[in-house]
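Sequence lines set the chain letters: A, B, ... in the order given, protein chains first and strands last, and positions in each chain run from 1.
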Amino acid sequence: MSTKNIEELEKEFQAKIDADIKIEPNDWMPEAYRKTLMRQISQHAHSEIVGMLPEGNWITRAPSLKRKAVLLAKVQDEAGHGLYLYSAAETLGLDRESSIDDLHSGKAKYSSIFNYPTLSWADMGTIGWLVDGAAIMNQVPLCRCSYGPYARAMVRVCKEESFHQRQGFEIVSLLANGTPEQKQMVQDSLNRFWWPALMMFGPNDDNSPNSAQSVKWKIKRMSNDELRQQFIDVTVLQAEMVGLTIPDKDLKWNEATGHYDFGAINWEEFNQVIQGNGPCNKDRIDARRNAKENGAWVREAANAFAEKRKKKELTH
Amino acid sequence: MTTQEAFYNYIVRFGDDSLILGQRLSEWCGHGPILEEDIALTNIALDLIGQTTNLFELAVQIEGKGKDVDQLAFLRLEKEYTNLLLVEQPNVDFGYTIVRQFFFDVFRKLTFEALCQSSDEKLAAIAEKSLKEIKYHLKHSSEWVIRLGDGTEESHTRVQAAVNTLWKFTNELFYQDEVDQKVIELGLGVDTSLFKEAWQLHVEKVFTEATLTIPANTWQHEGGRKGTHTEHLGYLLSEMQYMQRAYPNMEW
Ligand SMILES: [Fe+2]
Ligand SMILES: [Fe+2]
Ligand SMILES: [Fe+2]
């Protein structure tokens with residue numbers, strides 16, 4: 001057997017990526033590629049799971065049976081996304097429980113948007129519209145990501161996210177065309193979620209250290225700023241359609257670029273939220289940690305029971 | 001009481017059971033002991049909310065006053081809800097939630113199996129559709145009762161405590177009054193006293209496997225079917241009804 005040196009392996013690896021051949025779990029891959037992907041996929045999984053909380057917050061107060069059912073189903077979908085993503089990360093050697101412990105200790109990150117509170121029913125519309133909408137912008141390119149299991153998980157996830165986005169927009173447009181109280185409720189919600197939604201795409205390209213390598217590896221296929229611009233261009237039109245005002249006085253169509261110009265993002269706020277100082281960071285992590293701690297006896301019981309059954313089968 | 005009134009009340013009772021238990025289960029969403037169970041409990045909640053909608057749609061048709069299902073679900077007073085006391089009991093922990101579900105599922109399965117023969121086609125159709133879901137719920141709750149009962153010392157203690165607390169609400173499952181008499185006579189509803197024994201046997205069988213016991217004190221509570229509830233329901237309703245009360249007469 002000829003042993004290939006690292007450079008040769010790396011060359012072959014990059015050649016595969018350049019030829020759009022998917023990398024599969026048992027293929028050779030550079031350690032940095034594995035690590036980057038593990039971080040990205042587990043962060044994404046954590047975001048799905050933490051993301052259940054702000055919307056879960058309104059299930060018991062949903063205003064109609066239909067809305068209660070739709071919201072339950074949506075939050076359940078997010079749990080499902082978390083499951084596929086943890087499974088995709090497991091193919092790279094990540095252990096789900098220890099990765100969850102990293103989330104609880106603050107070592108692992110998740111999308112900053114879920115650290116904002118849901119204060120009214122309208123937020124259930126806005127989150128679907130903007131947050132699932134931004135997630136789709138981020139994730140559609142990932143359906144072509146170089147790592148096979150991640151790309152395939154993304155195909156499934158994106159289908160459901162676009163369903164969520166439509167449901168969210170339906171709530172928004174219903175409220176925007178509703179009574180004065182409902183209009184006010186949904187405008188207030190947009191005012192609170194607009195800027196945090198723009199921050200979901202991450203720092204400006206000049207300040208995004210991992211981006212260039214990720215683009216070369218086809219783990220990331222469009223830059224943060226490109227995605228953010230695409231999101232703004234689409235969303236502004238949707239807001240106009242239902243008569244809502246985007247809370248940005250600098251927002252205007254730019255004939256020359258063919259895009260909307262927009263105001264300055266408060267990156268200080270973004271950094272503070274990422275570092276744990278957002279309005280709900282502590283509540284979100286506490287809720288997840290409590291779920292795990294309060295459920296420990298259940299998991300132990302399930303394991304103990306499975307062990308007992310195995311022994312019984314062996315002795316019979 | 002006219003037949004129409006009796007049948008309306010009869011259906012609303014089942015709808016209220018589904019609604020209140022669905023509401024309780026949905027409190028778990030995002031807080032389950034493992035992700036798979038978070039999904040399972042949410043799934044059961046979702047089925048129960050679906051059953052509520054179907055049952056209430058039938059109820060408002062029978063009543064014929066042009067109400068919609070949300071008026072029924074969200075705009076009654078506490079004493080107008082006629083769910084079983086069992087289903088309004090708080091989640092406490094996963095063990096309580098599972099035991100509550102198990103007692104209910106065994107009862108629901110027996111009742112809805114019989115309701116498939118209702119002389120009212122619409123009710124029979126709802127029963128048949130729901131039964132598929134109920135069988136899955138019962139499988140799920142039975143498996144967990146056994147796992148927790150025969151798991152660790154801690155899980156056994158916890159789940160036995162849940163049984164001891166919730167047992168007093170089980171007799172009410174078989175509560176019958178003039179509403180039932182009327183619908184039974186006409187073949188619209190079912191006589192639950194016929195399968196009380198089957199319920200007990202089923203529970204005992206699962207408990208034996210789970211190494212759990214039925215408590216010695218068997219003093220029973222009832223009142224839910226007549227609108228006299230435990231203290232827990234009021235809080236559940238204030239949360240559930242919040243939007244409809246704060247913003248009356250709006251579409252959502
Ligand atoms: Fe998702
Ligand atoms: Fe997502
Ligand atoms: Fe989603």
Side-chain angles (χ1 to χ4, degrees), chain A residues 49-73 75-80 82-83 86 96 100 120-121 171 174-175 177-179 181-182 185 284 287-288 290-309, chain B residues 19 22-43 45-47 49-50 52-53 56 68-70 72-74 93-95 98 143-144 146-159 236 239-244 246-247 249-252:
Chain A
I49 301 307
V50 177
M52 294 168 72
L53 297 169
E55 287 179 286
N57 185 35
W58 277 87
I59 292 174
T60 55
R61 288 177 292 169
S64 70
L65 288 176
K66 181 186 154 200
R67 293 296 173 202
K68 196 185 286 292
V70 167
L71 187 57
L72 271 165
V75 179
Q76 191 188 30
D77 283 349
E78 307 301 1
L83 273 185
Y86 284 125
R96 176 169 131 186
I100 288 173
S120 75
W121 170 255
I171 294 176
L174 195 110
L175 298 183
N177 290 298
T179 64
E181 292 98 319
Q182 288 175 314
M185 189 191 287
R284 301 295 184 235
R288 291 310 309 159
N290 287 341
K292 185 162 182 178
E293 282 170 8
N294 296 337
W297 70 274
V298 177
R299 296 188 302 275
E300 283 159 17
N303 292 337
F305 179 77
E307 279 301 312
K308 280 187 198 173
R309 283 292 144 122
Chain B
L19 174 62
Q23 176 76 4
R24 274 286 181 238
L25 286 174
S26 68
E27 292 170 16
W28 272 105
C29 194
H31 309 279
I34 24 170
L35 213 35
E36 286 79 355
E37 275 315 298
D38 212 304
I39 294 176
L41 293 177
T42 307
N43 213 19
L46 203 47
D47 287 344
I49 299 302
T52 309
T53 309
F56 282 180
D68 68 34
V69 292
D70 291 323
L72 211 49
F74 297 95
D93 68 11
F94 187 70
I98 286 295
E143 284 172 0
W144 272 107
I146 295 167
R147 242 178 241 135
L148 298 176
D150 192 20
T152 60
E153 222 179 284
E154 183 184 4
S155 71
H156 178 87
T157 309
R158 281 176 180 262
V159 81
L236 180 147
E239 191 171 336
M240 188 174 82
Q241 297 186 338
Y242 162 62
M243 288 296 293
Q244 289 277 348
Y247 301 93
N249 303 317
M250 295 182 201
E251 291 290 316
W252 300 96

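The structure places CD1 of B/I146 at 7.0 Å from CZ of A/R309, a figure rounded to the nearest 0.5 Å. Distance CZ/A/R61 to CD/B/Q241: 14.5 Å, rounded to 0.5 Å. The line from OG of B/S26 to CD1 of A/I59 is 6.0 Å long, rounded to the nearest 0.5 Å. For the atom pair CG of A/L65 and CE of B/M240, the computed distance is 8.0 Å after rounding to the nearest 0.5 Å. Interatomic distance, A/L71 CG to B/I49 CD1, rounded to the nearest 0.5 Å: 11.5 Å. For the atom pair CG of B/L35 and CD1 of A/I100, the computed distance is 7.0 Å after rounding to the nearest 0.5 Å.
At a 4.5 Å heavy-atom cutoff, the contact between B/D150 and chain A is made by backbone and side-chain atoms alike. B/F94 touches chain A through backbone and side chain together, each having a heavy atom under 4.5 Å away. Interface residue A/A62: only backbone heavy atoms are found under 4.5 Å from chain B. In this structure, the portion of A/I49 lying under 4.5 Å from any heavy atom of chain B is its side chain and not its backbone. Interface residue A/L53: only side-chain heavy atoms are found under 4.5 Å from chain B. Heavy-atom distances place both the backbone and the side chain of B/N43 under 4.5 Å from chain A. In this structure, no portion of A/E293 lies under 4.5 Å from any heavy atom of chain B. Proximity to chain A (any heavy atom under 4.5 Å) is shown, for B/L236, by neither the backbone nor the side chain. Interface remark: B/R24 contributes no atoms to any contact with chain A (heavy atom separation under 4.5 Å). The part of A/L174 that comes within reach of chain B is its side chain, from C-beta onward, which places non-hydrogen atoms under 4.5 angstrom from that chain. Neither the backbone nor the side chain of B/W28 comes within less than 4.5 Å of any heavy atom of chain A. Only the side chain of A/R67 comes within contact range of chain B, with heavy atoms under 4.5 Å apart. B/A73 touches chain A through its side chain: at least one heavy atom from C-beta onward sits under 4.5 Å away, while N, CA, C and O do not.
With A/S64 as reference, B/D70 is the one residue of B/D68, B/T53, B/V69, B/D70 to meet the side chain to side chain contact (heavy atoms under 4.5 Å, CB included) rule.
Minimum interatomic distance between B/W252 and A/W121 (heavy atoms only, all atoms of both residues): CE3-CD1, 3.7 Å. Closest approach of A/A291 to B/G32, counting heavy atoms only: CB-O, 3.8 Å. For the residue pair A/A69 and B/L46, the shortest heavy atom distance occurs at O-CD1, 3.1 Å. Smallest separation of non-hydrogen atoms from A/Q76 and B/I39: NE2-O, 3.1 Å.
Looking only at atom types and distance, the side chain of B/T152 has no donor-acceptor partner in the side chain of A/E300 under 3.5 Å away.
Here A/K68 is the residue among A/E307, A/K292, A/K68 with the most heavy-atom pairs under 4.5 Å with chain B. Counting heavy-atom pairs closer than 4.5 Å to chain A, the top residue among B/E153, B/R158, B/H156, B/H31 is B/R158. Across A/N57, A/L83, A/V50, A/D77, the residue that shares the most heavy-atom pairs under 4.5 angstrom with chain B is A/L83.
Judged by distance alone, with hydrogens and angles left aside, the side-chain atoms of B/Q244 form a donor-acceptor pair with the main-chain N or O of A/P63 at under 3.5 Å. Counting only distance, with no hydrogens or angles, the side chain of B/R147 and the backbone of A/N303 share no donor-acceptor pair below 3.5 Å. Under a 3.5 Å cut-off, the side chain of A/R299 and the backbone N or O of B/P33 do form a donor-acceptor pair.
The aromatic rings of A/W58 and B/Y242 sit tilted relative to each other, their planes meeting at an angle between 30° and 60°.
B/E251 has its side chain out of reach of A/T179: every pair of non-hydrogen atoms, C-beta onward, lies at least 4.5 Å apart.
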For this session: Applying salt bridge (Lys or Arg N to Asp or Glu O under 4.0 Å), run through A/R96 and B/E36 and close with a yes or a no.
Result: CA-CA 13 Å; A/R96 176 169 131 186; B/E36 286 79 355; 2.9 Å; yes
Exercise. Should A/V298 and B/E37 be marked as a side-chain contact (heavy atoms from CB on, under 4.5 Å) after you check the CA-CA gap, both sets of side-chain angles, and the distance that decides it?
Worked result: CA-CA 10 Å; A/V298 177; B/E37 275 315 298; 5.7 Å; no
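Within 6.0 Å of atom NZ in A/K308, more than 12 heavy atoms from other residues, nucleotides or ligands are found, so the atom counts as buried in its surroundings.
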